[in-house]
Amino acid sequence: MTDTNGVERCEFIHAHEDIVQKVNRDMPEEEILYDLAELFKIFGDSTRIKILYVLFESEMCVCDIAQLLNMTQSAISHQLRSLKQSKLVKYRREGKTVFYSLADGHVRTIIDQGMEHVAE
């Protein structure tokens, strides 16, 4: 049966209790799902995605990233702050210069999986 929005649905209401109970048991806690949703929001900005791609290639300072992406240092710093808060990038200080890099291999895996999905 198709509803008024063209979505397929059951012709009668009958919950499969065994399936519902199993899925309910395996469902992560609400706080974990919220944190996951917040993480994916970070990937919802093309500037942040560009910065992550830049950091795939090399550790870089804000000045270098800004020049490469033709953006202001202020704009890059703002986005790096979000990426850092989400634990997607890390930094190290060398004198007065701060260098940014990917936090770990998971970041590249997430982006690679997304690109694979988009390419299908």
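Nearest heavy atoms, S86 versus L39: O-CD1, 4.4 Å. Residues I76 and A66 approach most closely at CG1-CA, 3.7 Å, considering heavy atoms. The two atoms that bring S77 and V62 nearest to each other are OG-CG1, 3.6 Å, heavy atoms only. Heavy atoms only, all atoms of each residue included: M71 and A75 are closest at CE-CB, 3.9 Å.
In the hydrophobic clustering of this structure, F99 does not group with L68; members are Ile, Leu, Val, Met, Phe, Trp, Tyr whose side-chain heavy atoms approach within less than 4.5 Å, directly or through other members. Linking ILVMFWY residues whenever their side-chain heavy atoms come closer than 4.5 Å, directly or via other members, leaves L33 and F40 in distinct clusters. Connection of L102 to I110 is established within a shared hydrophobic cluster, with ILVMFWY side chains joined at heavy-atom distances below 4.5 Å, either directly or through further cluster members.
In this structure, E116 CD and T109 OG1 are separated by 11.0 Å, a value rounded to the nearest 0.5 Å. For the atom pair CG (L88) and CZ (R48), the distance works out to 9.5 Å, reported to the nearest 0.5 Å. Atom CG of L69 is separated from atom CD1 of I51 by 6.5 Å, given to the nearest 0.5 angstrom. If you take CG on L52 and CZ on F56, they are separated by 6.5 Å, rounding to the nearest 0.5 Å. Note: E59 CD to I65 CD1 = 10.0 Å, rounded to the nearest 0.5 Å. L55 contributes atom CG, which lies 14.0 Å from atom NZ of K50 (distance to the nearest 0.5 angstrom).
Here the side chains of L80 and Y91 are not in contact, with every heavy-atom distance at 4.5 Å or above.
Enclosure of atom CD in Q67 is not indicated, since only 12 or fewer non-hydrogen atoms of other residues, nucleotides or ligands lie within 6.0 angstrom.
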